Amino acid sequence: MSRITPHVDEARWQEAWERAGVFAARRSADRPKYYVLEMFPYPSGRIHMGHVRNYTMGDVIARYKIAQGFNVLHPMGWDAFGMPAENAAMASGGHPKDWTYGNIADMRAQMKPLGLSIDWSREFATCDPEYYGQQQALFIDMLDKGLVYRRNAVVNWDPVDMTVLANEQVIDGRGWRSGAEVERRELVQWFFRISAYAGELLEALDGLEDWPAKVRLMQSNWIGRSRGLQMSFPLTAPFAGAEGIEVYTTRPDTLMGASFVAVSPDHPLARALEAERPEVAEFCAGARKGGTTEEAIEKAEKRGFDTGLRVRHPFDPAWELPVWIANFILMDYGTGAIFGCPAHDQRDFEFATKYGLPVIPVFDTGEAAGLAEAFVPGKDVVVRYVRGFAGAEWQTGAAAVEAAIAACEGRGIGQGVTKYRLRDWGLSRQRYWGCPIPVVHCPACGVVPERKENLPIRLLDDVTFDVPGNPLDRHPTWARCACPACGEPARRETDTMDTFVDSSWYFARFTAPRATTPTVAEEAGYWMNVDQYIGGIEHAILHLLYSRFFARAMHATGHLPARAIEPFDALFTQGMVTHEIYQTRDAAGRPVYHFPEEVENGVLKATGEAVEVIPSAKMSKSKKNVVDPVSIVETYGADTARWFVLSDSPPERDVEWTAAGAEAAARHLARVLRIAAEAGPAEGAPGADLALTRAMHRAIHDVTQGIESFGFNAAIAKLYAFTNVLQKSAAGPVARRAAVRVLAQLMAPMTPHLAEEVWAMAGGEGLVVSARWPVADPAMLVEETVTLPIQVNGKRRSEVTVAKDLGTADIEALVLADEHVLRALEGGRPKKVIVVPGRIVNVVV
RNA sequence: GCCGGUGUGGCGGAAUGGUAGACGCAGCGGACUCAAAAUCCGCCGUCCGCAAGGACAUGUCGGUUCGAGUCCGACCACCGGCACCA
């Protein structure tokens with residue numbers, strides 16, 4: 001194995017780059033800037049192949065842009081707050097801070113040997129007080145602008161660990177750590193007013209042309225715009241101060257099919273009833289129980305409670321409908337109340353069937369009676385949209401909705417409104433290892449923001465995790481403080497921020513990482529936006545949407561220029577690194593997994609037992625289908641790992657790590673080194689130089705194209721092809737050395753250490769990292785002669801080689817003399833001859 | 001259920017509407033070697049054929065075109081996102 005490993009002293013070149021300071025980003029007036037960023041890692045302590053792939057791609061772009069003469073910013077940091085640190089502290093008794101900073105040191109040490117073009121002087125961790133203090137300042141500015149507020153919210157509460165859990169942390173209705181049944185509890189929580197930007201965040205997606213269409217679509221669905229009618233059903237008698245029940249519907253065309261009105265258990269009306277009738281309270285309590293997880297919702301049975309209240313149909317005062325409380329109605333969408341049209345909505349139909357409510361079809365479907373399930377008209381079904389008040393007008397789909405809205409508005413019943421699914425972002429976490437929310441609760445003044453001069457509000461170090469709950473909350477003195485407004489004794493907020501807040505503005509902080517304000521206008525103005533952002537598709541919605549919101553909020557608070565409200569000009573989402581899974585079975589038939597290095601030729605090295613090979617899947621420690629980048633780099637060198645993760649699949653798709661592929665990459669790099677060593681002296685007689693020079697320019701053109709279009713695998717294929725030509729070339733030494741130097745330059749973004757070595761061997765000046773990217777000579781891309789395939793009726797039959805500028809008529813004459821064509825013509829004349837110059841000839845007979 | 005994406009040799013994958021399978025892996029044959037490793041040379045979609053050559057072939061079925069992996073329509077399979085959202 002070691003025999004094929006390319007011998008390049010990678011550390012030596014890393015030191016050379018360091019000495020030359022080539023990756024330190026400084027503002028400069030004379031060069032255009034380019035900001036390339038990969039999504040920063042969580043400091044788990046170990047880098048994995050996914051990191052290698054992600055950062056290698058960013059590095060290719062960064063090094064390519066450096067060679068193109070751009071002033072490149074390519075920073076790295078750590079998304080360092082979060083629960084794993086607390087869990088580690090709970091498990092082993094240390095402090096989250098020590099665990100986190102220890103991991104950062106380890107990961108940095110694992111990352112540096114990859115030879116990334118990172119400006120390490122800008123490194124920070126989100127758990128640095130210098131960072132989260134500025135985040136607190138940002139929070140205060142947002143509070144000032146009304147972009148943050150407090151309200152009651154229903155959360156998953158783990159009564160044993162005494163904390164709020166994210167939906168992902170609730171498994172089968174139980175806390176993932178404690179196993180305790182999760183309660184839905186109402187707490188006062190902080191929210192970012194992201195919904196205020198819903199329309200803008202949606203519309204601006206259209207302008208993000210260099211984002212994957214898939215991500216834009218996912219965000220668009222997530223924001224979820226809908227058009228509908230908001231209107232009121234008047235109560236037959238006023239109740240609890242309300243004259244009617246406000247509902248929102250996207251199907252006003254089914255209004256004449258209304259058979260009941262239903263409200264959420266959290267609706268003010270339900271609350272009022274709950275207060276006076278125990279059976280309502282009991283129902284509502286039951287309806288609120290149960291998790292907020294997807295499975296819980298899936299399994300939940302539709303349940304309702306007839307309140308006895310009645311409302312009138314807006315079109316017919318004599319028509320009365322019952323008012324129910326139903327467990328499936330969400331208080332925080334629309335108005336928290338609906339009208340049900342069982343004839344044209346599946347969910348309403350199920351509810352009506354269960355409780356014996358009438359089903360009233362409004363469309364002339366010809367099968368209105370005896371419906372087995374709700375009939376939802378397809379786009380090709382012509383329907384009369386509202387029986388009874390719209391006369392002879394017939395409409396379908398969105399047109400029917402708009403017509404119904406217009407008809408209702410015309411009668412003074414409700415108005416057309418646009419609603420969004422996107423909800424405000426709850427950011428309060430009852431956890432220790434996060435950014436403290438910088439506000440104070442004062443008995444006299446209420447909620448008061450902390451003064452900026454008191455920032456950062458630091459996490460205290462003196463904490464233990466031997467008891468559940470938030471150590472900030474139970475610490476005897478931490479929360480005690482003076483009210484920033486009146487100076488009287490007050491209590492600090494002990495909740496911390498969701499860690500997604502930390503990652504929503506780090507890209508802006510990189511432009512001025514040591515500043516004593518969140519950003520610095522000059523720096524942010526110069527470096528923003530991120531020209532190319534690279535990361536996993538798993539962040540398509542939350543992180544990227546939150547960042548887009550934050551950029552707007554930072555503009556509104558004066559921390560970013562208007563131009564930066566869309567912070568990422570281009571986004572690329574890369575695929576995962578996968579590996580086969582090797583498994584055997586224990587005596588009980590349970591699967592036992594084995595690491596790749598324990599397996600050779602389909603059997604366990606240790607015992608010779610055959611393993612079952614399960615097709616490639618995402619690398620996962622539990623399945624043991626992982627390879628450790630550190631040992632790969634030790635065995636083969638960083639360049640081999642980089643080359644392989646780029647070469648085998650298109651970057652947006654998954655790539656399967658195989659030992660054979662890694663060996664092949666190493667073999668190729670060793671071959672390049674050999675070719676460079678054999679390139680000969682700097683002088684000598686010319687040979688067949690032109691062919692090599694042409695191939696060289698072709699390679700420059702193709703590789704440049706490949707990198708520009710994120711076709712790294714295609715660029716690498718072209719480099720293989722060029723290397724093959726170079727190896728077999730009969731060119732003289734001067735041309736060969738020139739070709740080797742160009743090969744070094746073209747490989748430098750992918751395999752920077754080897755490229756330096758080869759560059760130096762071929763007499764390149766200085767470091768290849770600082771060499772200007774080569775430019776292909778268009779004249780060298782055109783061959784003197786060109787081989788045209790000859791098709792007969794679209795099938796390839798022969799070919800003809802002609803001078804590149806031969807006229808169409810001459811080509812036609814040559815083609816018609818071709819023996820295959822003559823045979824096909826059988827003495828007749830062709831119907832048509834199509835000559836595409838430089839491409840193809842097609843004879844139609 | 002709603003919304004998207006993908007489908008090409010044994011495998012990963014190339015192909016501005018113009019020679020399908022570049023490049024790599026695996027495999028086969030050969031050179032070098034006492035031998036092996038490494039390296040180098042060659043073959044490598046399927047079928048028929050000694051060969052020349054021919055037929056078939058980019059999930060399936062149709063269409064547009066002189067010409068379709070590529071464009072259009074329907075279908076099938078797999079993957080992903082969202083989902084009591086009124």
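Proteins come first, then strands; the chains are lettered A, B, ... in the order of their sequence lines, and each starts at number 1. These numbers were taken from a predicted model, which means no experiment stands behind them.
In summary, the side chains of A/Glu656 and A/Ser616 do present a donor paired with an acceptor at a separation below 3.5 Å, with no hydrogens or angles considered. A/Tyr248 and A/Ser226 share a donor-acceptor pair across their side chains, judged by distance under 3.5 Å alone. Side-chain atoms of A/Gln574 and A/Arg53 include no donor-acceptor pair closer than 3.5 Å.
Going from the P atom of B/rA57 to that of B/rG63 covers 15 Å, rounded to whole Å. B/rG24 and B/rA35: their P atoms are spaced 29 Å apart (whole Å). Comparing the C1' positions of B/rG1 and B/rG67 gives an interatomic distance of 42 Å, to the nearest angstrom. As rounded to the nearest Å, B/rA26 and B/rU39 have P atoms that lie 11 Å from one another. Of the C1' atoms belonging to B/rU19 and B/rG69, the separation is 14 Å, rounded to the nearest Å. B/rC79 sits 24 Å from B/rA15 when the C1' atoms are compared, rounded to a whole Å. B/rU65 sits 40 Å from B/rA51 when the P atoms are compared, rounded to a whole Å. Of the P atoms belonging to B/rG80 and B/rG13, the separation is 16 Å, rounded to the nearest Å.
When the C1' atom of B/rG67 is taken as reference, atom NZ of A/Lys831 falls 14 Å away, rounded to whole Å. Here B/rA15 presents its C1' atom at 12 Å from CG of A/Asp702, a figure rounded to the nearest Å. Atom OH in A/Tyr720 sits about 12 Å away from atom P in B/rC23, given to the nearest Å. Distance, A/Met576 CE to B/rG12 P: 15 Å, rounded to whole Å. Remark: P of B/rC85 and CD1 of A/Ile338 are 9 Å apart, rounded to the nearest angstrom. Atom CE of A/Met231 and atom C1' of B/rA86 are 13 Å apart (whole Å). In this structure, the CD atom of A/Glu656 is 15 Å from the P atom of B/rC25, given to the nearest Å. Atom CD of A/Glu652 is separated from atom P of B/rA14 by 8 Å (rounded to the nearest Å).
Between A/Phe233 and A/Phe339, the two ring planes are tilted [angle within 30° to 60°]. Taking the six-membered ring where tryptophan is involved, the planes of A/Phe351 and A/Tyr355 are tilted, since the angle between them lies from 30° to 60°.
Nucleic acid contact class of A/Gln727 (heavy atoms, under 4.0 Å, all strands): sugar-phosphate only. Across all strands shown, A/Ile329 has heavy atoms under 4.0 Å from base atoms, whether or not it also approaches the sugar-phosphate. Note on A/Asn713: only backbone sugar-phosphate atoms sit closer than 4.0 angstrom, heavy atoms only; bases stay farther off. If you check every strand for non-hydrogen atoms under 4.0 Å, A/Asn724 touches sugar and phosphate atoms only. Residue A/Ile834 is classed as a base contact, given a heavy-atom separation below 4.0 Å to a base.
Comparing B/rC56, B/rA20, B/rC3 by their nearest atom to the side chain of A/Arg796 picks out B/rA20. Between B/rU39, B/rC41, B/rG12, one nucleotide has an atom nearer to the side chain of A/Arg667 than all others, and that is B/rU39. Set against B/rC56, B/rG53, B/rG81, the side chain of A/Ile541 has B/rG81 as its closest nucleotide. Picking from B/rA83, B/rA86, B/rG81 the nucleotide with the shortest atom distance to the side chain of A/Arg421 gives B/rA83. When distances run from any side-chain atom of A/Trp222 to the nucleotides B/rG18, B/rC23, B/rA83, the shortest one goes to B/rA83. Candidate nucleotides B/rC84, B/rG18, B/rG7 were compared by shortest atom distance to the side chain of A/Val836, and B/rG18 ranks first. Of the candidates B/rA86, B/rA22, B/rG12, B/rA86 carries the atom nearest the A/Tyr248 side chain, counting heavy atoms from C-beta on. Side-chain proximity of A/Ala664 to the nucleotides B/rG24, B/rA20, B/rA86 is greatest for B/rG24. Listed candidates were B/rU19, B/rC85, B/rG7. Nearest to the side chain of A/Arg653 is B/rG7. Between B/rC84, B/rG12, B/rA86, one nucleotide has an atom nearer to the side chain of A/Thr250 than all others, and that is B/rA86.
Two residues, A/Gly334 and A/Lys728, neighbour RNA chain B, and the one matched to the more 5' nucleotide by heavy-atom proximity is A/Lys728. Nearest-nucleotide positions on RNA chain B for A/Gly794 and A/Val841 put A/Val841 closer to the 5' end.
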Exercise. Apply side-chain hydrogen bond (donor to acceptor under 3.5 Å, both in side chains) to the pair A/Asp818 and A/Ser798, showing each step before the final yes or no.
Key: CA-CA 8 Å; A/Asp818 183 274; A/Ser798 183; 3.0 Å; yes

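For B/rG53, the O4'-C1' to base torsion is more than 90° from 0; the nucleotide is therefore anti.
Taking 3.5 Å as the limit, the base of B/rC84 and the side chain of A/Lys302 contain a donor-acceptor pair of atoms between them. Interface remark: the A/Asn221 side chain does not form any donor-acceptor pair with the B/rC82 base, using a distance-only criterion of under 3.5 Å. Checked by distance alone, A/Arg423 brings a side-chain donor or acceptor within 3.5 Å of a matching partner on the base of B/rC85.
Ion pairing of A/Glu203 with A/Arg225 is present here, as a side-chain N (NZ or NE/NH1/NH2) and a carboxylate O approach within less than 4.0 Å. Here A/Arg227 pairs with A/Glu402 in a salt bridge; the nearest charged N to carboxylate O distance falls below 4.0 Å.
Pair assignment for B/rA37: none, as no Watson-Crick or G-U wobble contacts are both less than 3.5 Å. Judged by Watson-Crick or G-U wobble contacts below 3.5 Å, the nucleotide B/rA74 has B/rU60 as its partner. Using N1 to N3 plus N6-O4 or O6-N4 for Watson-Crick, or N1-O2 and O6-N3 for G-U wobble, each under 3.5 Å, B/rG21 pairs with nothing. Under the Watson-Crick and G-U wobble criteria, each requiring two contacts below 3.5 Å, nucleotide B/rG67 is left unpaired.
Using a 4.0 Å cut-off, some side-chain N or O of A/Lys795 falls inside it from OP1 or OP2 of B/rC56. For the OP1/OP2 pair of B/rA15 and a distance below 4.0 Å, the side-chain nitrogens and oxygens of A/Arg839 include no atom meeting the criterion.
Taking a 6.0 Å sphere around NZ of A/Lys718, one finds it holds 12 or fewer heavy atoms contributed by other residues, nucleotides or ligands.
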